[in-house]
Number of protein chains: 2
Amino acid sequence: MRLAGCAAELRRGEVATKIACEGSRRLADLAIAFLEVAVVTLEDVAKHAGVSLATASRVLNGSTRQVGASLRARVELAAAQLGYRTNVAAQTLARGAANVVGLVVHDLVDPYFAALADGAMRVAESRGLMVMVGTTHRDTEREIAYVSTLNAQRVRAVLLAGSRTADLRATRRLREELDRYREGGGRVACVGQDLLGADTVAPGNREGAAALAAALAGLGHRRFAVLAGPTGLITARDRTAGFAEALAGLGLPAPHVVHGSFDRDGGYAAVGEAVKAGATCVFAVNDVMAVGALAALRDRGIRVPDDVSVAGFDDIATLRDLVPALSTVRLPLAHMGARALELALDPADEARVEKIPGEVVLRESTRRLG
Amino acid sequence: MRLAGCAAELRRGEVATKIACEGSRRLADLAIAFLEVAVVTLEDVAKHAGVSLATASRVLNGSTRQVGASLRARVELAAAQLGYRTNVAAQTLARGAANVVGLVVHDLVDPYFAALADGAMRVAESRGLMVMVGTTHRDTEREIAYVSTLNAQRVRAVLLAGSRTADLRATRRLREELDRYREGGGRVACVGQDLLGADTVAPGNREGAAALAAALAGLGHRRFAVLAGPTGLITARDRTAGFAEALAGLGLPAPHVVHGSFDRDGGYAAVGEAVKAGATCVFAVNDVMAVGALAALRDRGIRVPDDVSVAGFDDIATLRDLVPALSTVRLPLAHMGARALELALDPADEARVEKIPGEVVLRESTRRLG
DNA sequence: CTGTTAGCGCGTTCAA
DNA sequence: TTGAACGCGCTAACAG
């Protein structure tokens with residue numbers, strides 16, 4: 001048992017005193033008296049209970065327990081009395097793997113990632129795993145750095161949530177970093193595109209956008225605009241492409257495509273050009289952008305859906321009470337996050353790709369034309 | 001260097017082969033060839049570089065570096081060639097403290113917590129710390145369990161975000177768990193009420209609500225209702241109390257208080273009774289509840305703000321584009337999360353409480369009464 | 001079922 | 001500056 005009253009200031013070596021507690025009643029009491037400032041180890045517990053280290057380990061941290069009832073009780077009592085806390089670092093070192101998973105997201109404030117994270121964290125919790133979260137704020141370098149750190153942490157699995165970019169060099173380096181991690185036995189899954197040779201939960205961006213286009217065309221719209229987000233973001237690209245392809249397939253004119261940032265302000269800024277181009281229906285490639293678009297239209301006195309229809313993508317729960325209610329493509333985000341972590345945690349021989357279909361939901365923000 | 005091709009399946013002991021790499025060119029090449037399936041340790045790097053373990057350690061992980069340039073270069077080269085990854089668990093064990101902080105929140109999908117988390121994570125990143133996140137989903141037991149786990153992880157600090165409940169027994173047990181953690185040198189901070197004897201960032205719930213009440217009274221409102229959330233949640237209580245007290249101070253009648261859940265559905269369900277009671281102005285104790293209230297009013301054909309005014313609390317960024325724009329009390333959430341972690345990380349002699357004032361923001365959802 | 005013992009990989013004295 | 005050696009706390013053979 002090491003004294004560690006102000007462990008933050010103390011370093012090993014400054015702590016000279018050791019308290020022996022060989023089972024003697026008095027010494028045990030002494031030990032308990034010192035509890036307030038002591039770090040109790042498994043060895044302390046074993047001694048206090050009068051058993052071997054191994055037995056104590058089996059009782060307190062072992063998986064398949066095979067310890068007699070009386071010894072078990074003694075160990076548990078001793079642990080409780082001394083206030084024993086497992087030292088996870090020691091466990092991890094001895095076992096070679098941590099009970100931790102890593103989660104790398106772009107931005108927790110974005111409800112899309114929050115929902116994914118929530119789903120993943122529920123799975124983690126159900127399996128007794130802690131979650132280490134890294135936020136990249138869309139910085140590719142940081143994403144790579146997080147994978148590296150999580151690798152050093154020997155986490156059981158890494159979940160990469162969020163669209164890949166078209167930056168091939170960055171993707172390549174990320175992949176190398178992931179390979180390093182996998183070489184050490186790590187498992188990887190991602191939500192987004194199947195570009196990393198890992199288990200992937202792939203939202204049906206193309207198909208969903210196509211279905212949305214068809215539905216909107218079904219409302220009589222002919223002149224579309226797409227608030228397409230950044231050119232480099234594959235999710236944004238796929239949704240734009242799926243939308244455009246579906247229109248082409250229906251023999252309709254190509255949509256007017258406006259690029260911008262992938263967030264609320266991106267939608268706000270881009271929608272002006274969209275209406276100027278004469279679109280009767282604007283598709284923002286995600287809900288958050290759609291919200292920005294709605295705000296901009298409101299500011300310009302353009303009514304939705306009377307003057308122009310607006311649709312988004314994702315069906316973010318927090319945004320469901322918007323007025324007018326947003327037409328969109330629903331993605332089961334929490335499920336996707338959960339599923340991705342499950343894939344990573346239940347390894348298979350080869351990487352699996354699970355496609356998640358989006359469901360078109362038409363609400364008030366889009367109306368039948370004419 | 002341990003072979004670990006399928007480390008997940010292998011256990012120590014099954015790995016019999018060891019590759020010696022004593023500096024011989026051929027053996028080194030061999031080692032590199034095996035890189036794809038090997039876990040490289042610091043010892044491997046040291047041998048490969050022809051230096052001692054200590055030197056390798058100083059170069060790769062040491063803080064105050066004092067190693068000759070040539071040796072340094074050799075070590076770095078060897079590490080790069082072999083693809084060395086620090087084993088954080090071993091480091092943590094040897095050092096006694098992990099470069100990790102713990103963050104316990106109620107619900108990441110709630111934008112309130114997402115914003116707090118975001119602020120805290122930025123601070124963590126700026127200090128090279130990883131963040132372990134636990135989501136309690138408002139389960140007090142789970143909160144306690146997370147503190148215990150984070151304690152076992154030997155995290156540097158634990159940040160508890162979210163209101164305490166009035167459950168004294170649970171608070172007491174949480175506090176005991178926190179004490180255990182602190183005994184081992186851990187640091188604790190929380191966002192919310194100063195009930196845990198820890199550094200606290202305390203939003204001015206009472207004062208903010210009072211200021212809001214005054215502002216709304218200034219608009220001519222006299223008959224108020226409060227969507228007060230759960231009776232057991234202290235944040236909800238404080239906001240309700242502050243609001244009521246301010247009204248009393250102004251000589252106005254007490255508000256009609258309706259309890260419910262602290263989320264969107266709680267607001268949706270409670271607002272009916274509020275209007276039935278004849279309130280001209282409804283104060284929902286958080287923005288998310290206010291959104292629910294707006295939805296319910298819309299569903300009933302009650303216009304906001306023409307028929308009834310609605311105000312919230314927090315000023316959630318994601319909700320700023322709501323129609324009508326929500327009057328609320330702005331809290332700098334990201335700053336609060338960041339500040340709390342800073343407090344925990346920069347310990348002082350005694351627990352500090354930092355009060356964060358809320359700023360009343362009147363927007364469209366409240367109007368001057370005829 | 002229980003105890004003994006040898007590592008897990010790294011940090012850090014201490015001596016050279 | 002550099003190296004040798006011990007210890008961090010725990011797990012998992014192996015022996016009994």
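Within every chain, numbering begins at 1; the chains are lettered A, B, ... in the order of the sequence lines, protein sequences first and strands thereafter. Computation of the quantities below employed the complete heavy-atom set of this structure, encompassing side-chain atoms and omitting hydrogens, waters and symmetry-equivalent molecules.
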Residues in side chain to side chain contact (heavy atoms under 4.5 Å, CB included) with Ala56(A), at least two apart?
-> Leu42(A), Ala46(A), Val51(A), Val75(A)
Which residues satisfy the side chain to side chain contact (heavy atoms under 4.5 Å, CB included) test with Ala117(B), sequence neighbours excluded?
-> Leu108(A), Leu103(B), Leu108(B)
Expressed as a whole number of angstroms, how long is the span from [X]:[atom1] to [N]:[atom2]?
X         : N       : atom1 : atom2 : result
Leu93(A)  : dG11(C) : CG    : P     : 11 Å
Arg154(A) : dC10(C) : CZ    : C1'   : 12 Å
Leu60(A)  : dT11(D) : CG    : P     : 9 Å
Lys47(A)  : dG9(D)  : NZ    : P     : 12 Å
Asp44(A)  : dG7(D)  : CG    : C1'   : 15 Å
Asn87(B)  : dC10(D) : CG    : C1'   : 14 Å

What residues form a side chain to side chain donor-acceptor pair (under 3.5 Å) with [X], not counting sequence neighbours?
X         : answer
Thr171(A) : none
Glu76(B)  : none
Arg85(A)  : Ser148(B), Glu177(B)
Asp139(B) : none

Contacts satisfying side chain to side chain donor-acceptor pair (under 3.5 Å) that involve residues 149-159 of chain A (not counting sequence neighbours) are Asn99(A)-Arg156(A)
Would you say dT11(D) has OP1 or OP2 under 4.0 Å from some side-chain N or O of Asn61(A)?
-> yes
Any side-chain N or O of Gln91(B) less than 4.0 Å from the OP1 or OP2 oxygen of dC10(C)?
-> no
Axis-to-axis angle across the helix from dC1(C)-dG16(D) to dA16(C)-dT1(D), five pairs each end, nearest 10 degrees, ~ 30°
May I ask you to say whether Glu176(B) pairs ionically with Arg172(B), meaning some side-chain N is under 4.0 Å from a carboxylate O?
-> yes
Write out a two-atom table: protein N or O, nucleotide N or O from nucleotides 1-4 of chain C, distance below 3.5 Å.
{"residue": "dT2(C)", "atom": "OP2", "partner": "Gly68(A)", "partner atom": "N", "Å": "2.2"}
{"residue": "dG3(C)", "atom": "OP2", "partner": "Ser52(A)", "partner atom": "N", "Å": "3.3"}
{"residue": "dG3(C)", "atom": "OP2", "partner": "Ser52(A)", "partner atom": "OG", "Å": "3.2"}
{"residue": "dG3(C)", "atom": "OP2", "partner": "Thr55(A)", "partner atom": "OG1", "Å": "2.5"}
{"residue": "dG3(C)", "atom": "N7", "partner": "Arg58(A)", "partner atom": "NH2", "Å": "2.8"}
{"residue": "dG3(C)", "atom": "O6", "partner": "Arg58(A)", "partner atom": "NH1", "Å": "3.4"}

